[in-house]
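Positions are given from 1, in the same order as the sequence printed here. Computed over heavy atoms, backbone and side chain alike; hydrogens, waters and symmetry mates excluded. Order of appearance sets the numbers: ligands from 1, and atoms from 1 within every ligand.
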Amino acid sequence: MEYSLICHNLYAISFSPVKKKLLLLCIMLLLWVYMLYSCVGYCSTMPSLMVDSYRGKDIQTAAKRTDSGGTDLMSRLLPRTQSWVDLETDYDEPPVRTASRDLLNNEIEVDRTDDWEEMRSEQRSLEPSALSSFSNGSGTKKLPQAIIIGVKKGGTRALLEFLRVHPDIRAVGAEPHFFDRNYDNGLDWYRDLMPKTLEGQITMEKTPSYFVTREAPARICAMSRDTKLIVVVRDPVTRAISDYTQTLSKKPDIPTFESLTFKNRTTGLIDTSWSAIQIGIYAKHLENWLQYFPMGQILFVSGERLISDPAGELGRVQDFLGLKRIITDKHFYFNQTKGFPCLKKAEGSSKPHCLGKTKGRTHPNIDPEVVQRLRDFYRPFNMKFYQMTGHNFGWD
Ligand SMILES: Nc1ncnc2c1ncn2[C@@H]1O[C@H](COP(=O)(O)OS(=O)(=O)O)[C@@H](OP(=O)(O)O)[C@H]1O
């Protein structure tokens, strides 16, 4: 009985024209869903491909970031802390930075997102003709002859964007982080990131973390001992607050600047294991570079003067690079809304160009007593730095 019922149903499925149509509809629906799914998958890869063709291999680093977990991040951060400990002589430092503090500061992630936002705004401001001339330019890719090695939050992006106006300078927009994070990829990988240049043009890049990376001087020297190095320095107290402001913009829940500054607020002992503080001890980091490069091969640009007199600082940089002074005060105007100097015409564009919103952030108000304590802390290091460079930056 049961058997005959099943047979009857099967018979009905196979032969009822209504059921047949339903089955066909189901198959078509399934096919349609499958096609839609494939199409969405394809389209989602499109924007990243388009950015890739414009800004080169920063995508590779971004991909690496996605691939690497927290452990990898820590392993890349810790050697840098170690390098500081090696340099440190005046302070009783902890042997390694603690995990919580590394993750709090999480420089790699924060730097990259900032850089990406800046690159995107730059990309938007460029005209289509300029974009095509970037990707199809003639010439050959060369290793950089000049590098902006620091300092983080010093004004490095402004300097690079201003320099790119010069016809004899070609620079990679994104930070390659070759001599700190990507060294294992090899020099061919690094060269491939560079824009093509013609005879006589200078290839440049900027990665501000090089200045505080212990291995960077030896590695750059091994690439070429003639590499010209540029360091944009800024009052270390304002620099630290700027650094903190950047982290705060990505992680609003972090402790206050005041509480991070001290190991012990009552004794007033400064926490030099916090990177926002240690980066500003310029004299210590410079000692490391001077073991590989003579002072004459390093140019120090004042981050403050880059804002108050961009043409003046750019004049010094062009001289240092052996270039004709083409970038002059005619290239700049002060944008009242932005509160910073901007370019009348950016590279490859006829439009005025200011840096993006991640540059020139409003800083939080910091307890004046803490600021004063930091000024006292940095004073001897600043004096040493002025002595070493033969230049008084006027931070005191
Ligand atoms: N022309 C112009 N426009 C905007 N901003 C300018 C300019 N010149 C210098 N600056 C200062 O640059 C600071 C950011 O420094 P960096 O570009 O070195 O930062 S980063 O390390 O690459 O994240 C940034 O720091 P914050 O003000 O703290 O945001 C600026 O003060």
Below 4.0 angstrom from a heavy atom of [X], which ligand 1 atoms are there? Numbered from 1 as shown, please.
{"X": "Phe162", "answer": "1 (N)"}
{"X": "Pro208", "answer": "21 (O)"}
{"X": "Gln246", "answer": "23 (O)"}
{"X": "Glu175", "answer": "22 (O)"}
{"X": "Ser242", "answer": "25 (O), 26 (P), 28 (O)"}

> Is the distance between the ring centroids of Phe385 and Phe300 under 6.0 Å?
Replying inline: yes
> What about the rings of Trp274 and Phe257, do their centers lie closer together than 6.0 Å?
Replying inline: yes
> Partners of Thr140 by side-chain hydrogen bond (donor to acceptor under 3.5 Å, both in side chains), sequence neighbours excluded?
Replying inline: Lys142
Just going by heavy-atom distances, which of [options] is nearest to [atom]?
{"atom": "atom 25 (O) of ligand 1", "options": "Lys153, Arg234, Arg361", "result": "Arg234"}
{"atom": "atom 2 (C) of ligand 1", "options": "Phe332, Phe334, Phe340, Tyr244", "result": "Phe340"}
{"atom": "atom 22 (O) of ligand 1", "options": "Arg305, His353, Lys206", "result": "Lys206"}

> Going by heavy atoms in the side chains, are Asp168 and Ile202 under 4.5 Å from each other?
Replying inline: no
Under 3.5 Å: N/O of [X] near N/O of ligand 1:
{"X": "His363", "result": "yes"}
{"X": "Gly155", "result": "yes"}
{"X": "Gly154", "result": "yes"}
{"X": "Leu306", "result": "no"}

>> Salt bridge check, Arg219 against Asp180: does any charged N sit closer than 4.0 Å to a carboxylate O?
In response: no
> Do other residues, nucleotides or ligands put more than 12 heavy atoms under 6.0 Å from the CZ atom of Arg225?
Replying inline: no
> Just heavy atoms, cut-off under 4.0 Å: does Ile307 contact ligand 1 by side chain, backbone, both, or neither?
Replying inline: side chain
>> For residues 280-353, which residue pairs pass the disulfide bond (SG atoms under 2.5 Å apart) check, not counting sequence neighbours?
In response: Cys342-Cys354
> Taking the six-membered ring for Trp, are Tyr183 and Phe178 parallel (under 30°), tilted (30 to 60°) or perpendicular (over 60°)?
Replying inline: tilted
>> Using a 6.0 Å distance limit plus a 45 degree cone around the ring axis, check whether Lys228 lies over the aromatic ring of Phe320.
In response: yes
